[in-house]
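Let me begin by presenting the structure, written as structure tokens, before commenting on it.
So you know, we letter chains A, B, ... as the sequences are listed, proteins then strands, and number each from 1.
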Number of protein chains: 2
Amino acid sequence: MLSDVMEDYLKTIYQIQARSGPPVSTSAVADALEKTPPTVTSMLGNLEDRGLVTREKYKGAELTPEGETVALEILRHHRLLEAYLAEHLDYSWSEVHDEADALEHHISEEFERRVAEALDDPVVDPHGDPIPSADLAPLEDDEATPLTAHEVDDRVVVSRVSDRDRDELEYLADAGITPGTTLEVVDVAPFGMVTVRTGSDAEQSLPESVAEAIYVRPATDAAPAGGSTEVSDA
Amino acid sequence: MLSDVMEDYLKTIYQIQARSGPPVSTSAVADALEKTPPTVTSMLGNLEDRGLVTREKYKGAELTPEGETVALEILRHHRLLEAYLAEHLDYSWSEVHDEADALEHHISEEFERRVAEALDDPVVDPHGDPIPSADLAPLEDDEATPLTAHEVDDRVVVSRVSDRDRDELEYLADAGITPGTTLEVVDVAPFGMVTVRTGSDAEQSLPESVAEAIYVRPATDAAPAGGSTEVSDA
DNA sequence: ACGACGATTTAGACTAGCCAAAATTAATAA
DNA sequence: TTATTAATTTTGGCTAGTCTAAATCGTCGT
Ligand SMILES: [Mn+2]
Ligand SMILES: [Mn+2]
Ligand SMILES: [Mn+2]
Ligand SMILES: [Mn+2]
């Protein structure tokens, strides 16, 4: 029914909308998908005709509930695939994203079910991003804040890490920083470099670009430092 | 580089060529892919321009070595996926084909490697079809003959079963007839219906359309009746 | 209030893939 | 040998998705 291309537009609009709220500008979509603005304008027209987005000329687009459901469906596929690849095919968390991007449009609902079952209905992917439920109910907003917004002596737990940059993910994996890791902010230098203590010993200095990809929540008092994987409630 | 569509043409030409030999007619490809003859003529022109097939006008097409390599690559993906779905995601052999068709163009070489590894480099898929090796060396011809070509009292081992028709596969699964099963031909009726004994007790009558989808080889003397999965050499 | 500038849309064009109708060719039958 | 017929190719046209260049809009600074 919907082409791969349309699904990618809807997924992208959803993700921009989730970060910056509507309306989503033509150029933001063009940047994210590496297309030209006229191309995006044209496709937004198609999506509007199909009732998947609403649009105000020269302002931007916003997903309709139908459009959001499609976006959640693709996001569910993507994140289930990431989790499956990591869990059952020995992929590292820096490798899963591209493979999931290629497969997310092509798996059947049956495949989705069986993968979810093999993983026992996971609620987060390897980067800590929430996996939409099978009924595609809207995701609740994320309470996490970027590590760059924190101050010295803050104790925080890593909630999720942006999966956009493979190199950053490898860097963080080496540093032992993954979702669930407890961090203590040791220093915030000019230009946004953040130094954190992981566990009780190792210290890591993170360039701003890396630190702002790490989303964290306040550590609960009793939490020991280290890399557990549990996710607390909101 | 190559589109999904082109890959499907090459795979299809390979399979027709394997059964009937070159040249492969325009209409044979059109039938297999459910396209019109002009569409196929046009695409064969593209494939010829890319050096993947050779063509003689009004006669048909034949894969070049490069075209055959691409076809084997796709076939390897398809059959590895079928094997993986059956082995690790609990698909039945009647379900795997469509899912593999959808995914075969979209997996990475890394995914291919990991799936092959998870399966310990399998040599046949769930239907008994050979899986091309990682180096894509040409497959040797198949010695198996259709069950319809056999006579009463012949004892044979099922080598492979055409995976084209889901209903037939379910029928055969119920009848306990899978690759490796030893059969004894009990009766050949007019209109090609074949009755076989599986194991030492059950008898099954198979309509011609089903019987001609079953490819068999002579049973070695010591082989007991039943559903073992080993594959003998050529 | 107005002009400049950046963002957006419109206009026009291109490719891949597809089909229907018409023309052509090869094979077969008279 | 010639005529019929079936397969194939050619012709022309359609949609989806993309781009460049040109026109237009909205905003922001003066
Ligand atoms: Mn789904
Ligand atoms: Mn992810
Ligand atoms: Mn491959
Ligand atoms: Mn198969």
Pairs of donor and acceptor atoms involving the side chains of residues 128-137 of chain B, under 3.5 Å and at least two apart or interchain, shall be tabulated with distances.
unit_1, atom_1, unit_2, atom_2, d
Ser133(B), OG, Asp135(B), OD1, 2.4
Asp135(B), OD1, Ala137(B), N, 3.1

Flag for Glu212(B)-Thr148(B): side-chain donor and acceptor within less than 3.5 Å
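Thr148(B) vs Glu212(B): no donor-acceptor pair found between side chains.
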
Classify the side-chain pair His105(A)/Asp8(A) by whether it contains a donor and acceptor separated by less than 3.5 Å.
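Yes - a donor-acceptor pair under 3.5 Å links their side chains.
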
Has His127(A) got a side-chain atom pairing as donor or acceptor with Trp93(A)'s backbone, closer than 3.5 angstrom?
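Yes, His127(A) side chain to Trp93(A) backbone: donor-acceptor pair under 3.5 Å.
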
Could you check if a side-chain atom of Ile214(A) sits within less than 4.5 angstrom of a side-chain atom of Val196(A), using non-hydrogen atoms only?
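Not touching, per the 4.5 Å side-chain cut-off.
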
Is Glu110(A) paired with Arg113(A) through a side-chain N to carboxylate O contact shorter than 4.0 Å?
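Yes, Arg113(A) and Glu110(A) are salt-bridged.
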
Less than 4.0 angstrom from a charged side-chain N to a carboxylate O is my criterion; do Asp101(B) and Lys11(B) meet it?
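Yes, charged N to carboxylate O under 4.0 Å.
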
Report, as a single string ordered 5' to 3', how protein heavy atoms within less than 4.0 Å touch nucleotides 1-18 of chain C: B base, S sugar-phosphate only, - not at all.
-------BBB------SS

First and last nucleotide of DNA chain D touching chain A, 5' to 3', heavy-atom cut-off 4.0 Å?
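Nucleotide range with atoms under 4.0 Å of chain A: dG17(D) to dT27(D).
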
